[in-house]
Amino acid sequence: MAELKTGGRLKSAVCAGEIMVVSAPAGDIDLTCGGVAMLDSASDAPAAGEIHPDHAVGLAIGKRYINEEETLEVLCVKNGDGGLAVAGQLLLQKDTKKLPKTD
Amino acid sequence: MNVMMLLEMANAAFPERTAFTDGSSGESFTYSELFEAARHRAASVRASGASRLVKLDVSNLATPLSLFTSAWAGVPFVPLNYRLTDTEIEALLKRVTPAYLVTQEDRVVSLGGVDQVNAVASADFLDPSQHSQVVDGEWSMDPDEIAVLLFTSGTTGEPKAAVLRHKHLVSYILSSVEFASAPEEDASLVCVPPYHIAGIAAVMSSVYSGRHVIQLPNFTAEAWVQLAREHKVTTAFVVPTMLARIVELLEAEGEETANMPHLNSLAYGGGKMPLSVIQKAMQFFPNTDFSNAYGLTETSSTICVLGPDEHRETASSSDPKVQRRLVSVGRGLPGVEIEIRDDEGKLLGPGERGEIYVRGEQVSGEYEGRGAVTDAQGWFPTRDAGSMDDEGYLFLEGRADDVIVRGGENLSPGEIEDVMLTHPSVADAAVVGIPDEQWGEAVAAVVVAKAGSSVDLDALKAMIQEQLRSSRVPQVIEIWKELPYNETGKLLRRVVKADLSKA
């Protein structure tokens, strides 16, 4: 468990997935990928271990994931086979509104 | 959080797509080529010991490459206006040394002698054989590092360097662009200068959406129309003066429509759009989505948008309140809050004129050497004057500093100009305050007549008196051939003011 900082980057301990924190509530958060606690992206540890079968939903580059309360939002920056969860609850994919192109 | 992350994701998801094409040389690179080039150039910049990467050149492939190179190397990106004189450029350059300068061939010689400036020609910066090293490691993910230092266009006073941190720019992109949302055949024609915030936003949002950018370095209506047709351009952004030139050219062509069936969306901003120009443009581009964007350097580009549906609604509505929204800049983007306040900072209600304040993740409001000018709650005073209607549509009324104080009454130049522009013989109008013994300031105006028309000044004055009040009627009205604008379409009010004050 660790405090999540806006703009911080984490990687999965069990797959190739990586995320960036868009917004997070204060305090320690038990964010997992594939059922295993995520690591700081600067960590040297290679992906190892098994994805928990209940957490094998995958994460897709460019998609946003939120918790039910919508207090936590992360952006997937690298595809992975694991699924994101907080305290065992899988995060939901966020719907995005289409905006007019302006630049 | 780092601007490089946007390119990293593009390179992972669609490496083989064409990213940028220089419309004048025809040269292109793909997302993977751009990513690899940045990896090598970042090593060159680090090796030079520079603390800033300065780009002083027209739009070319070195524009996106220098932006991403600086993000990877961890030094601020400083695009400079190549239209400035050598003396002005040298003064700015000395404020950002030690610098790695990417510039035009002739300026490598003329500016290479400036102390602590490592000058490299754009062609040499792009040449892979001169950058064989690769940078060690990844870029910083510290969201508070400075991404861009942008000298504001400075229609008054000495240029200030606006500070945009990685968190501001990335927040703007994440809140306004959906990743990989552009179909592969999408092409965007970019003609705004690379030293303008809209030019930087265009690079980032195109990369994140996966859209192919066609760069037009020196805008002419002829070149714009030709490139748009040749590359089957689907989206474009123009400033009002550019759209006026394009409309003039299309009128001269004599066809009913612009003959650009691929152009899905046309956005405009950067200055006040004359109603007659946007109305004609909507006729020439009947199937094109129009958007009006309003933003500032200090807010990482767009904060307000009047979208395509709202354009159509205003055109087909018989309600004057809805019709008037065509000259508004729309409503705030998600995550952006907007307020109108009076001189004492008191919140104003719908329809009341005051200064526009803005707050949000993308808002920096910070200048180098001066810190942030935002208040304790994070609100940035834009110095733009405006009003909001009861549904949140924002109307611009010029710069807050342009307000005319006549005998203690505050008059908005924009309000008077809007009325003058409805006169059938008036093509353009500018209203300024000039020194006056009796009133402190008096209202003065310049009008430009439409081709082949002459303006009856007494009738024009009568019209203003009837629609507004007698205090708004200009004491002086001159007829000029054209009004002075800068290259991004901003009216140079101080030039008009100086000229009329002499009389």
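Residue numbers start from 1 in every chain, and the chains themselves are labelled A, B, ... in the order their sequence lines are given, proteins ahead of strands.
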Can you tell me which portion of A:Ser41 sits under 4.5 Å from chain B's heavy atoms? Options are side chain, backbone, both or neither.
neither

Under a 4.5 Å heavy-atom cutoff, which of A:Leu75, A:Asn79, A:Val22, A:Ile61 has the most pairs with chain B?
A:Ile61

Toward chain A, the part of B:Glu8 with a non-hydrogen atom under 4.5 Å:
side chain

Looking at A:Lys11 and A:Glu18, is there a salt bridge between them, counting it only when a charged N and a carboxylate O are closer than 4.0 Å?
no

Would you say the rings of B:His196 and B:Phe237 are close, in the sense that their centroids are separated by under 6.0 Å?
no

Which region of A:Lys5, side chain (C-beta onward) or backbone (N, CA, C, O), has a non-hydrogen atom less than 4.5 Å from a non-hydrogen atom of chain B, or is it both or neither?
neither

Do we see a donor-acceptor contact under 3.5 Å between the side chains of B:Ser140 and B:Glu145?
yes

Going by distance alone, is a donor N or O of one side chain under 3.5 Å from an acceptor N or O of the other, for B:Glu310 and B:Tyr393?
yes

